[in-house]
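Written below as structure tokens is the structure these notes are about.
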Amino acid sequence: MKIIIVGDGAMGCAVKNLAEKMGFSVVGVVGQNLSDSKKSLYDISEKVHCLIDFSHKDNFDMIKEFCVASSTPAVLATTGYDENTEKAVEELSKKVAVLRSANFSIGVNILDMALKVILPKLKDFDVEIVETHHNLKEDSPSGTAKKLANTIKEIRPNANFVYGRQGMGKRDTKDVGVFSIRGGSEVGRHEVMFFGKDESIFITHTAQSKAVFASGALRAAQWLKDKPKGLYAFEDCLR
């Protein structure tokens with residue numbers, strides 16, 4: 001299977017290294033850090049089965065144009081998209097198959113699926129989210145924290161998300177706290193906490209290396225390459 005990787009930072013390199021070990025053909029890597037990186041997708045003419053993006057939101061216009069012109073499916077792992085880019089992703093999915101996820105760890109996505117089962121049974125429990133990442137991560141809260149928050153919103157439409165907490169006043173029953181911690185080289189940890197009367201439940205996922213995200217993205221690419229145009233989630237791949 002032939003792929004293109006957009007992004008030659010830590011995650012792009014992790015995907016490249018694992019892909020080569022798994023027998024993928026990496027036709028090109030777009031970025032600025034590796035000696036053999038391409039400066040643009042327009043420098044690649046060979047037809048590929050899928051594009052995997054672990055770069056920056058500013059690259060999306062280039063990715064969209066390339067995928068439409070070459071009919072290339074896209075696995076989008078970049079976070080921090082603004083509203084206009086979100087709409088552009090939907091537009092792209094009308095032309096080619098697009099799989100987008102804020103997190104390509106199997107464990108995190110199983111956690112998200114579990115929330116849909118757990119939350120309806122814990123109607124009177126307070127819910128809080130805490131996410132921890134390395135000190136170089138730019139966006140906060142993380143895309144995964146937002147993904148978990150969106151799942152909570154599906155079950156609790158009246159949820160009021162509080163990003164950090166300070167000042168005076170007790171916690172409203174509709175509040176869901178979302179907290180971001182940044183430090184050191186922490187790969188990624190997400191914790192969803194449920195607090196009831198005289199009991200509590202903590203569900204924690206910890207990524208111990210970036211390999212879990214690379215493995216998930218490659219699994220998604222294999223799954224996506226023959227799919228019809230449309231917008232897919234990593235959960236679809238897991239099913």
Side-chain angles (χ1 to χ4, degrees), residues 1-20 22-34 36-106 109 138-139 143-144 146-147 150 210 213-239:
M1 178 177 174
K2 296 181 179 181
I3 62 171
I4 292 173
I5 301 168
V6 181
D8 60 356
M11 272 311 310
C13 289
V15 174
K16 178 178 183 293
N17 293 336
L18 184 59
E20 291 171 345
M22 293 176 63
F24 285 76
S25 174
V26 181
V27 171
V29 178
V30 176
Q32 300 177 340
N33 298 317
L34 303 178
D36 58 347
S37 290
K38 308 294 184 182
K39 300 302 180 184
S40 167
L41 282 169
Y42 308 120
D43 296 330
I44 301 172
S45 57
E46 187 173 348
K47 178 67 177 174
V48 298
H49 297 103
C50 194
L51 175 150
I52 299 176
D53 174 38
F54 269 103
S55 62
H56 190 276
K57 59 184 180 64
D58 291 346
N59 289 322
F60 182 75
D61 287 343
M62 174 182 66
I63 291 168
K64 179 183 177 183
E65 184 175 329
F66 175 86
C67 288
V68 170
S70 59
S71 299
T72 301
V75 171
L76 304 179
T78 296
T79 59
Y81 287 166
D82 57 24
E83 186 176 342
N84 289 333
T85 309
E86 295 282 2
K87 292 179 180 178
V89 170
E90 292 183 10
E91 292 173 5
L92 175 60
S93 70
K94 296 175 182 177
K95 304 289 185 180
V96 300
V98 176
L99 191 153
R100 183 172 173 227
S101 179
N103 192 306
F104 280 88
S105 153
I106 292 175
N109 283 274
E138 295 184 5
D139 58 316
T144 302
K146 292 178 180 177
K147 173 183 175 67
N150 287 337
K210 296 182 185 297
F213 310 123
S215 175
L218 290 168
R219 176 173 176 168
Q222 287 179 311
W223 181 85
L224 189 68
K225 68 183 180 72
D226 296 321
K227 293 293 180 292
K229 62 186 177 182
L231 185 58
Y232 301 92
F234 193 41
E235 289 183 15
D236 299 320
C237 172
L238 295 180
R239 293 192 183 97

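Met11 contributes atom CE, which lies 9.5 Å from atom CD1 of Ile5 (distance to the nearest 0.5 angstrom). The distance from the CG atom of Leu76 to the CG atom of Leu99 is 8.0 Å, given to the nearest 0.5 Å. Going from atom CD1 of Ile106 over to atom OG of Ser215 covers 6.0 Å, rounded to the nearest 0.5 Å. Rounded to the nearest 0.5 Å, atoms CG (Leu231) and CG (Leu92) are 9.0 Å apart. Rounding to the nearest 0.5 Å places CD1 of Ile52 at 11.5 Å from OG1 of Thr78. Between atom OG1 of residue Thr79 and atom NE2 of residue His56 there is a gap of 9.5 Å, rounded to the nearest 0.5 Å.
For Phe234, the ring-ring contact (aromatic ring centres under 6.0 Å, His included) criterion is met by Phe104, not counting sequence neighbours. The ring-ring contact (aromatic ring centres under 6.0 Å, His included) search around Tyr81 returns Phe60, not counting sequence neighbours.
The residues Arg239 and Asp236 are annotated as salt-bridged, a charged nitrogen and a carboxylate oxygen being separated by less than 4.0 angstrom. With salt bridges taken as basic N to acidic carboxylate O contacts below 4.0 Å, none links Lys87 and Glu91.
Contact annotation: the side chain of Val89 never approaches that of Lys64 to less than 4.5 Å [non-hydrogen atoms, C-beta and beyond]. When side chains are defined from C-beta on, Thr85 counts as touching Asp82, because their heavy atoms get closer than 4.5 Å. Looking only at side-chain heavy atoms (C-beta outward), Ser25 and Met1 stay at 4.5 Å or farther from each other.
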Candidate pair Val6 and Ile63, rule side chain to side chain contact (heavy atoms under 4.5 Å, CB included), full reasoning: CA-CA 8 Å; Val6 181; Ile63 291 168; 4.2 Å; yes

Is there a side chain to side chain contact (heavy atoms under 4.5 Å, CB included) between Val48 and Ile3? Walk through the geometry before answering. CA-CA 5 Å; Val48 298; Ile3 62 171; 5.7 Å; no

Please report the C-alpha distance between Ser40 and Asp43 in whole Å, then the side-chain angles of each, then the deciding distance to 0.1 Å, and finally whether the side-chain hydrogen bond (donor to acceptor under 3.5 Å, both in side chains) criterion is met. CA-CA 6 Å; Ser40 167; Asp43 296 330; 5.1 Å; no

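Distance alone, capped at 3.5 Å, is enough to place a donor-acceptor pair between the His49 side chain and the Lys2 backbone.
Nearest heavy-atom pair, Ser55 versus Gly7, reported as atom, atom and distance to 0.1 Å: CB-CA, 3.8 Å. When all heavy atoms are compared, the tightest approach of Gly12 to Phe54 is N-CB, 4.2 Å. Of all the heavy atoms in Glu235 and Asn109, the pair that sits closest is CG-OD1, 4.3 Å. Minimum interatomic distance between Met62 and Leu41 (heavy atoms only, all atoms of both residues): SD-N, 3.6 Å.
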Distance-only donor-acceptor hits, side chain of residues 26-33, under 3.5 Å, sequence neighbours excluded:
| unit_1 | atom_1 | unit_2 | atom_2 | d |
| --- | --- | --- | --- | --- |
| Asn33 | ND2 | Asp8 | O | 3.4 |
| Asn33 | ND2 | Asp8 | OD1 | 3.1 |

For residues 217-228, which side-chain donor-acceptor pairs fall under 3.5 Å, sequence neighbours excluded?
| unit_1 | atom_1 | unit_2 | atom_2 | d |
| --- | --- | --- | --- | --- |
| Lys227 | NZ | Trp223 | O | 3.0 |

Output side-chain donor-acceptor pairs under 3.5 Å for residues 66-73, partner residues at least two apart or in another chain, one line each.
| unit_1 | atom_1 | unit_2 | atom_2 | d |
| --- | --- | --- | --- | --- |
| Ser70 | OG | Phe66 | O | 2.7 |
| Ser70 | OG | Thr72 | OG1 | 2.7 |

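Applying the side-chain hydrogen bond (donor to acceptor under 3.5 Å, both in side chains) test to pairs two or more places apart or on separate chains, those with a residue in residues 94-103 are Glu86-Arg100, Asn103-Thr144.
Counted within 6.0 Å of NZ on Lys147, heavy atoms from surrounding residues, nucleotides or ligands total more than 12; the atom is thus considered enclosed.
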